[in-house]
Amino acid sequence: MYPQPVCPDPVIRPGTPLPRVLIIAPHGSYRTAAFIQAAKQQRCEVLIASQGQYSIVSDYARGLQIDLGDHDKAVATILEVARDKPFAGIIGTDDSTTEIATRVASRLGLPHNPVEAVRLASRKDLARTRLAQQGVNIPAFRILKLNTSLAEQSRDVTYPCVVKPVGLSASRGVIRVDNIVELEQAVERIKNILANEGPLDEEQRTTLLLEQFIPGQEVAVEGMLSNGRLDILAVFDKPDPMNGPFFEETYYLTPSRFAETVQQQIQQQIAAACRAYGLVEGPVHAECRVNDKGVWILEVAARTIGGLCGRLLRFGTGYSLEELVLAHARGEGLELRRQDEAAGVLMIPIPEAGVLKRIEGLLAAQRVPLVDEVDIQIREGYELVPLPEGGSYLGFIFARGERVAEVEQALRAAYGCLKIITAPLWKIKL
Ligand code: ADP
Ligand code: CA
């Protein structure tokens, strides 16, 4: 059970030090700003730990520099800082920081998952193996080693399949393949992505996952674990077909239009996956596919939803998702009453690789009824890199309303107003 709700606006006596929370985030994470905001809202002092040595963003520059590629060292650095002034809560914002956050929280006696559980959840190969052992409904899979012959490892594969790296997220490097030639090409493409990637260990650089392509409708689910109990915060439908070869996120809509019985199966499968990993505390973000054979787990991560999509969730008490997570990390509870409005986001698709020249029609998009906000993330003159290589979002359109169909219509209408103008990018090879 959740403890009593904390007072949203505590009276702080002069001279009382504010509780300090540590947010561990990869540089440039979409999640950082929302957690800083949540900390301010809850009257906490914030320290950001990141690989931010070149940062000009003040919250990073004033923060703690850690090496995300060397977990032992990062943990030691943080514990050292905690000795001078304690932390009341630790948050890992993204897959690449949840393990460090968990290790620190366990050393400081703050709410945490078993380290092994978080490690499993952030490594797709380990995760699949564990879920299969525990009988969770997942696609048939095999692990590919990049230093062994691909032909030998893929001799008896039945297509279509999906091939993916084991340590990336946001659909980067996730590619559908329908035959051996496509598989070979995809593997080369993923090798290239991994070669240019920052903090990854040797295993993550040399291991891929090959699994059966599961047709069906996809949902994303946001949940919160508390003492092993899973509360579902929101189920999002992804209404557009996602058949590959790349899997760009577009529309997310909540509440889901799936029947209550299907939503219960979704919850049961995610809860089973959490038990299989050993996850017991904090946020979980999952993706499932639903078809006539049931609910399939594609991913369960021990973190919140990515991008700026956390803004979609609002709770009856006015708290944001990040406030909820922060309170939980401090061992306190906030009431989990969802607002019953419909909400949706469009992660604006990147039309093609190139340089963003300008986006026309922003004002018209913003004026579409029910549209809350059009938030463009890439500035003019910057490069647009589509999937499977790119990991950034061009921007987000948010809408809210009484009915989910109206919200979807508003998002589509707003997107229809936008004209994204790009120019080719000429790279000089030296
Ligand atoms: P990431 O952690 O990078 O988001 P995922 O494994 O969640 O990687 O895959 C990203 C997307 O690719 C999924 O949301 C889904 O649309 C698609 N996908 C991944 N694996 C499969 C699969 N086995 N069958 C069908 N679609 C898949
Ligand atoms: Ca995913």
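Remember, it's a predicted structure, so these values are computed and weren't measured experimentally.
Side-chain atoms of Gln263 come within 3.5 Å of backbone N or O of Phe258 as a donor-acceptor pair. Side-chain N or O atoms of Asp67 include none that pairs as donor or acceptor with a backbone N or O of Ala74 at under 3.5 Å. Checked by atom type and distance alone, the side chain of Glu323 pairs as donor or acceptor with a backbone atom of Ser320 at under 3.5 Å. For Thr32 (side chain) and Gly28 (main-chain N/O), no donor-acceptor pair under 3.5 Å exists by modelled atom type. Using a distance-only test at 3.5 Å, with no hydrogens or angles considered, a donor-acceptor pair links the side chain of Ser171 to the main chain of Phe247. The backbone N or O of Asp201 sits less than 3.5 Å from a side-chain atom of Gln204, completing a donor-acceptor pair. Counting only distance, with no hydrogens or angles, the side chain of His112 and the backbone of Leu110 share a donor-acceptor pair below 3.5 Å. Side chain of Ser122 to main chain of Arg119: a donor-acceptor pair is present (N/O by atom type, distance under 3.5 Å, no hydrogens or angles). Thr97 contributes a side-chain N or O that, together with a main-chain N or O of Thr93, makes up a donor-acceptor pair within less than 3.5 Å. In terms of modelled atom types and a separation under 3.5 Å, the side chain of Thr254 and the main chain of Ala343 share no donor-acceptor contact.
The number of heavy-atom neighbours closer than 6.0 Å to CD of Glu45, taken from other residues, nucleotides and ligands shown, is above 12. The number of heavy-atom neighbours closer than 6.0 Å to OH of Tyr382, taken from other residues, nucleotides and ligands shown, is 12 or below.
Across every non-hydrogen atom of Pro165 and Lys124, the tightest pair is O-CD, 3.5 Å. Across all their heavy atoms, Ile36 and Ile23 have their closest contact at N-CD1, 4.0 Å. Heavy-atom minimum distance, Ala410 versus Val371: O-CG2, 4.0 Å. The two atoms that bring Ala121 and Leu279 nearest to each other are CB-CD1, 4.4 Å, heavy atoms only. Contact detail for His285 and Ala220: the closest heavy-atom pair is CE1-CB, 4.0 Å. Between Gly92 and Thr98, the shortest heavy-atom contact is O-CG2, 3.8 Å.
Scanning for salt bridge (Lys or Arg N to Asp or Glu O under 4.0 Å) contacts around Arg400 gives Glu341, Asp372, with sequence neighbours left out. Residues passing the salt bridge (Lys or Arg N to Asp or Glu O under 4.0 Å) test with Glu222, sequence neighbours excluded: none. Scored by the ring pair (Phe, Tyr, Trp, His ring centres under 6.0 Å) test, Tyr252 finds Phe236 as partners (sequence neighbours excluded). Evaluation of the ring pair (Phe, Tyr, Trp, His ring centres under 6.0 Å) rule for Tyr30 yields Tyr393 as partners, not counting sequence neighbours.
Atom CE of residue Met224 and atom CG of residue Leu321 lie 7.0 Å apart, to the nearest 0.5 angstrom. Here CG of Leu200 is found 10.5 Å from OG1 of Thr206. Values are rounded to the nearest 0.5 Å. Here the CZ atom belonging to Arg330 is positioned 12.0 Å from the CD1 atom belonging to Ile90, to the nearest 0.5 angstrom. Here CD of Gln269 is found 7.5 Å from SG of Cys288. Values are rounded to the nearest 0.5 Å. Taken from CD in Glu383 to CD1 in Ile350, the straight-line distance is 9.5 Å, to the nearest 0.5 Å. The CZ atom of Phe396 sits 10.0 Å away from atom CG of Leu312, with the distance rounded to the nearest 0.5 Å.
Between the side chains of Ser256 and Asp237, at least one donor N or O sits under 3.5 Å from an acceptor N or O. Between Gln37 and Gln41, the side chains place a donor N or O and an acceptor N or O closer than 3.5 Å (distance only, hydrogens not considered).
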Query - Intermediate values then yes/no, side-chain contact (heavy atoms from CB on, under 4.5 Å), Ile66 and Gln51 - result: CA-CA 5 Å; Ile66 53 169; Gln51 190 124 352; 5.9 Å; no

**Report entry** Stepwise side-chain contact (heavy atoms from CB on, under 4.5 Å) check, Phe213 with Asp178
**Finding:** CA-CA 9 Å; Phe213 173 80; Asp178 287 356; over 6 Å; no

Query raised in the report: Between Val21 and Phe35, is a side-chain contact (heavy atoms from CB on, under 4.5 Å) present by the stated rule, with each step listed?
Result: CA-CA 10 Å; Val21 294; Phe35 277 112; over 6 Å; no

Requested in this report: Before giving the answer on salt bridge (charged side-chain N to carboxylate O under 4.0 Å, His left out), spell out for Glu203 and Arg123 the whole-Å C-alpha distance, their side-chain angles and the decisive distance to 0.1 Å.
Outcome: CA-CA 10 Å; Glu203 282 276 295; Arg123 273 282 300 270; 3.5 Å; yes

**Report entry** side-chain contact (heavy atoms from CB on, under 4.5 Å) assessment of Gln217 paired with Asn291
**Finding:** CA-CA 7 Å; Gln217 263 186 285; Asn291 60 25; over 6 Å; no

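Ion pairing between a basic and an acidic side chain is recognised when a charged N comes within 4.0 Å of a carboxylate O; Glu202 and Arg205 show no such pairing. The existence of a salt bridge linking Arg172 and Glu197 is confirmed by a sub-4.0 Å separation between a basic side-chain nitrogen and an acidic carboxylate oxygen. The pair Arg289-Glu218 counts as a salt bridge, with a side-chain nitrogen and a carboxylate oxygen less than 4.0 angstrom apart. Residues Glu182 and Arg176 are not paired through a salt bridge, judged by the lack of any N-O separation under 4.0 Å between the basic side chain and the carboxylate. Salt-bridge formation is not detected for the pair Glu380/Lys357: no Lys NZ or Arg NE/NH1/NH2 atom is positioned less than 4.0 Å from an Asp or Glu carboxylate oxygen. Using a 4.0 Å cut-off between a side-chain N of Lys or Arg and a carboxylate O of Asp or Glu, Arg303 and Asp94 do not qualify as a salt bridge.
Put simply, the side chain of Arg257 reaches to within 4.5 Å of the side chain of Val404, judged on heavy atoms. Put simply, the side chain of Pro349 does not reach to within 4.5 Å of the side chain of Leu394, judged on heavy atoms. Taking 4.5 Å as the limit, some side-chain heavy atom of Leu425 sits within range of a side-chain heavy atom of Val355. Residues Val300 and Tyr277 are in side-chain contact: their nearest non-hydrogen atoms beyond the backbone lie under 4.5 Å apart. Lys238 is not listed as a side-chain neighbour of Val219, based on a closest heavy-atom distance of 4.5 Å or more. Between Arg358 and Glu360, some side-chain heavy-atom pair lies under the 4.5 Å cut-off. The closest side-chain heavy-atom distance from Val407 to Arg403 is not below 4.5 Å. Counting heavy atoms from C-beta outward, Phe141 and Asp125 have side chains that stay 4.5 Å or more apart.
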Table please: side-chain donor-acceptor pairs of residues 411-420 below 3.5 Å, with sequence neighbours left out.
from	atom 1	to	atom 2	distance (Å)
Arg412	NE	Glu408	OE2	3.1
Arg412	NH1	Asp240	OD1	3.4
Arg412	NH2	Asp240	OD1	2.8
Arg412	NH2	Glu408	OE2	2.8

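The stretch residues 261-277 participates, sequence neighbours left out, in no salt bridge (Lys or Arg N to Asp or Glu O under 4.0 Å) pair at all.
The residue from Val136, Ile266, Asn137, Ile214 that alone fulfils the side chain to side chain contact (heavy atoms under 4.5 Å, CB included) condition with Ile297 is Val136.
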